[in-house]
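Scope of the values below: all heavy atoms of this structure, side chains included, with no hydrogens, waters or symmetry mates. The structure presented is a predicted model; accordingly, all values stated were derived computationally and were not measured. The chains referred to below are lettered A, B, ... by the order of the sequence lines, with proteins before strands, and numbering in each begins at 1.
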There are 2 protein chains.
Amino acid sequence: MRPIRAKSGTNQEGASAHNRRVMIDALRLNGQLSRADLARATALTKQAVSNIIEELERDGLVASLAAVRKGRGQPSTPYRLVPEGAFAIGLQIDRHVTRTIAVDLVGAVLARGEANLPAGGPESGTETILSLIERTRRQLTEVAPQSRDRLVGLGVAMPGPFGIDTDPNDPWMMAVWQRFPLSEALAIGTGLDVRLQNDAAAAATAEKMIGAAHGLDQAICIYLGYGVGAGLILDGELYRGANGNAGEIGMILSRPRNGTEDQRAPLEHRASIASLCKILDLDPADPHLYRRLDDITAASNARIAAWIAEAAYELRGAVQTLETIFDPQTIVLCGGMPPGLARQLINAIHPLLPSIAERRTRSAPRLQLGFTDPWAVAIGAAAEPISRTFDPSFSAILKTRSVGST
Amino acid sequence: MRPIRAKSGTNQEGASAHNRRVMIDALRLNGQLSRADLARATALTKQAVSNIIEELERDGLVASLAAVRKGRGQPSTPYRLVPEGAFAIGLQIDRHVTRTIAVDLVGAVLARGEANLPAGGPESGTETILSLIERTRRQLTEVAPQSRDRLVGLGVAMPGPFGIDTDPNDPWMMAVWQRFPLSEALAIGTGLDVRLQNDAAAAATAEKMIGAAHGLDQAICIYLGYGVGAGLILDGELYRGANGNAGEIGMILSRPRNGTEDQRAPLEHRASIASLCKILDLDPADPHLYRRLDDITAASNARIAAWIAEAAYELRGAVQTLETIFDPQTIVLCGGMPPGLARQLINAIHPLLPSIAERRTRSAPRLQLGFTDPWAVAIGAAAEPISRTFDPSFSAILKTRSVGST
DNA sequence: GAAATAAGTCAAGACAATTGACTTAATAAG
DNA sequence: CTTATTAAGTCAATTGTCTTGACTTATTTC
């Protein structure tokens, strides 16, 4: 019989869980708020807010500050998030390096680790990763002993797309990793709740929690890494698409600047760190790539200039396309490259092409620079479990279907 | 003082409203379901479903069918949506014509009207529109007297973008319409709840309720009208962007097929009915344009062939771009052109470019033909209030901020 | 010092889902 | 034909969370 399709219903528990998340989100966005402030901002009653805050305080997620006198009436008691209220681990798997990060509730980094993956592929690589995570967990426990029973999950970021037959000749064997059931293996190995996302999505998560997209509900983050992708923040939530591959803009086929009519090539052949390495004859697996690029960029270099011109041309078009399609509040350009290079690139992208984003009443710039820290993706990976656990979202309200029911 | 930003909380009423919507949505998607079916599908208890269904039945939104014996156990009583449970009016304002449509809860068309707008612009045009709506309402009341107190709103569709300074030389003066506070004027004039959206969004709404996107949560509808736009169905809801202009893909600047490097022109200069009219030396305002295009298409015509080749080239790229960005379940091509032409166009777009959408486990085709009926946008406009009132959505759960509170 | 204003609490009430036992009506098994 | 089994659906009590309205507390303004 054809399965019945329907959305889940909800109940008081769902509503309550949502309200808790709304409080935390409001405190994250506004820094500190009194119960009365929260009641006004969330459209709940003072009493409801009071009960929820009391519970959150008992759970160690919020704490009160000194009372504030502001005008007539009883002074208000502001509340703030307690950073030590929750922790999460992030894992970034890239072609030549694997990084771990531990963050707290407000996204501060408390521990980090790095390792090179053995050449053997996922089976042996998983062991390396598990011991790296274990090391980071120990490090975190030293810095913040509370973290032991306040770890909400493990976020994993790696280059996408997933579930697709990608180029089997990729020398870093991302293809086998993309097919490997990594989430399951790590969930078993760590006992944590594991979620996988692509690197651009992780970068966007970082920008949303502590970066340029903080507090924005509509933002697109273009992430320039080995390839290029976009993290889509739509209505305050990261959009994943039907198969988790939304935003893989590096695979958009378009005509090269000087190509013929029938030629279409992936965007990331022209705008990505991989393409830059190719032009500079650098090995992308070089562990000192970041510093090397920084050195080369400092001196002016004709080949870099050529790459910037080419990449800027493509990204100028990509920015206009994304603005037109999404009508976002802002676009953030981020990626694992030296800030000097990023600055040059974003300058070369300007002036931007005309688009519907050109409106007089803008509060955020059309295009701005985000994180260029190579650790940003790992931070975003770590931020994901925090976001999943504490940010308001539609799916968090709904009842979860009891698995295996008839 | 800086305003406090926060999402709204919710309460039992919000949960209850959501559950009602979920039931209606489930019945819409599955045709008919018993209370037990609904309980399983929505993860609610039998008892909760029973109460909600009883209430919906009292409200005239659902009705029971004959009991069905299927295997052991007490026979189940299936329920279905009652078409006469709700009605809505749709209004399409286009450059040369204005259409009204009345639909019921299941999207069936019950009345339609058409008029040409006077040349005087919005002020005088609003009167024409109001009397057209009034006529359609009377017609609806004749066919379905219940509609008198079951009208849930007025949906308006017109070409976007909104709030932007568009070309003031547009001979149909869309620019002045796009700036005119039409919603307010119509809300006052009709006493109905009015919502405005662009034509591509309306087309997508129609496809979602009764067309190719029915039951899909991730779908993109490319609408080929005078211009070209995309209706974005993301996670089951129409995405509007920060300013309601998401999906205006006609304004994407790209290099024409035989253009030089520095040339970028809007997509809709090459792929739209406007561009077709230009090639054929037709007046887009011609009221018989549709039939005329049909005639011309029937005979083979070199200029049409040239347009198809050009438009197909552009749309092939657009489809690949949209697939790459959104990772949708399907893309629907629709628009107000004769089916013969649409068929030729969609054939010419094939074979599609490679993309992440090429996966073995597809249930829907990558690209399919949707409505080509010129009334489809008006139907979508009418479906919008139905969708807004009865479809599950995040915003429908949240408390509405009491306006003007301190 | 009195009035006004605002933050926050108290206690009762309302509402919608849950729980578990029960009724009803069918098929399957002996 | 009788009995067991299965499933749909109801009944009545319970639970959890928000709301309501009155009240307390603390501060500024007049």
Asker: Would you indicate, yes or no, if C/dG8 has its OP1 or OP2 atom less than 4.0 angstrom from a side-chain nitrogen or oxygen of A/Thr77?
Answerer: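 Yes.
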
Asker: Does a side-chain heavy-atom distance below 4.5 Å link A/Phe87 with A/Val103?
Answerer: no

Asker: Give a yes/no on whether any side-chain N or O of A/Asn19 is located under 4.0 angstrom from OP1 or OP2 of D/dC18.
Answerer: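 A/Asn19 to D/dC18 OP1/OP2: side-chain N or O found under 4.0 Å.
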
Asker: Take atom OH of B/Tyr79 and atom C1' of D/dA8, then tell me their distance rounded to the nearest Å.
Answerer: 11 Å

Asker: Checking contacts here: which listed nucleotide (C/dA25, D/dA26, C/dT9) is nearest the side-chain heavy atoms of B/Gln74?
Answerer: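 From the listed options, C/dA25 comes nearest.
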
Asker: Just by distance, no angles: are the side chains of A/Asp217 and A/Gln329 close enough, under 3.5 Å, to form a donor-acceptor pair?
Answerer: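 Side chains of A/Asp217 and A/Gln329: no pair found under 3.5 Å.
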
Asker: Would you mind telling me which residue lines up with the more 5' stretch of DNA chain C, A/Asn11 or A/Gly73, judged by nearest nucleotide?
Answerer: A/Gly73

Asker: Expressed in angstrom and rounded to an integer, what is the separation of B/Lys46 atom NZ from D/dT6 atom C1'?
Answerer: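 Roughly 11 Å, once rounded to whole Å.
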
Asker: Where the side chain of A/Ala36 is concerned, which of D/dC18, C/dA11, C/dA7 is the nearest nucleotide?
Answerer: C/dA7

Asker: What nucleotide, of C/dA17, D/dT17, C/dG8, holds the atom closest to the side chain of A/Arg35?
Answerer: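 For the A/Arg35 side chain, the nearest candidate turns out to be C/dG8.
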
Asker: Starting at CG of B/Leu33 and ending at C1' of D/dG9, how long is that distance when rounded to a whole Å?
Answerer: 16 Å

Asker: Whole Å only: how far is the CD atom of B/Gln12 from the P atom of D/dT20?
Answerer: 12 Å

Asker: Could you tell me whether the phosphate oxygens of D/dA8, OP1 or OP2, come under 4.0 Å of any side-chain nitrogen or oxygen in B/Ser76?
Answerer: no

Asker: Under 3.5 Å, is there any donor-acceptor pair linking the side chain of B/Glu13 to the base of C/dC15?
Answerer: no

Asker: D/dT25 C1' sits how many Å from A/Arg69 CZ, rounded?
Answerer: 14 Å

Asker: Roughly how many Å is it from CG in B/Leu44 to P in C/dA16, rounded to a whole number?
Answerer: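 Those two atoms, CG and P, are 14 Å apart.
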
Asker: Measuring only between side-chain heavy atoms, which start at C-beta, is A/Phe394 closer than 4.5 Å to A/His18?
Answerer: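 No - every pair of side-chain heavy atoms lies 4.5 Å or more apart.
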
Asker: Without decimals, in angstroms, what is the distance between A/Glu57 CD and C/dT9 P?
Answerer: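 Answer to the nearest Å: 10 Å.
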
Asker: Could you state the atom-to-atom distance from CZ of B/Arg20 to P of C/dA17 in whole Å?
Answerer: 11 Å

Asker: Go through the steps to decide whether A/Phe326 and B/Phe326 satisfy the test ring-ring contact (aromatic ring centres under 6.0 Å, His included), and finish with yes or no.
Answerer: CA-CA 11 Å; A/Phe326 289 104; B/Phe326 288 104; 5.1 Å; yes

Asker: Are B/Arg35 and B/Thr77 packed together at the side-chain level, in the sense that at least one heavy-atom pair is separated by less than 4.5 angstrom?
Answerer: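 The answer is no; the side chains never approach within 4.5 Å.
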
Asker: Is the phosphate of C/dT18, meaning OP1 or OP2, less than 4.0 Å from a side-chain N or O of A/Lys399?
Answerer: yes

Asker: Looking at every strand, decide which applies to A/Asn51 at a 4.0 Å heavy-atom threshold: base, sugar-phosphate, or nothing.
Answerer: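 Nothing: the residue A/Asn51, judged by heavy atoms under 4.0 Å, touches no strand.
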
Asker: Given C/dT18, D/dT19, C/dG8, which nucleotide is nearest the side-chain atoms of B/Gln47?
Answerer: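 The answer is C/dT18, which lies nearest to the side chain.
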
Asker: Check this one for me: any side-chain N or O of A/Ser34 less than 4.0 Å away from OP1 or OP2 of C/dA7?
Answerer: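 For A/Ser34, the contact criterion (side-chain N or O under 4.0 Å from OP1 or OP2 of C/dA7) is not met.
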
Asker: When you check the side-chain N and O atoms of A/Lys70 and A/Ser76, is any donor under 3.5 Å from an acceptor?
Answerer: yes

Asker: Is there a side-chain polar atom (N or O) of B/Arg40 under 4.0 Å from OP1 or OP2 of D/dA7?
Answerer: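 False: B/Arg40 side-chain N/O out of range (4.0 Å or more) of D/dA7 OP1/OP2.
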
Asker: Counting side-chain heavy atoms from C-beta on, which of C/dA17, D/dT6, D/dT27 comes nearest to B/Arg72?
Answerer: D/dT6

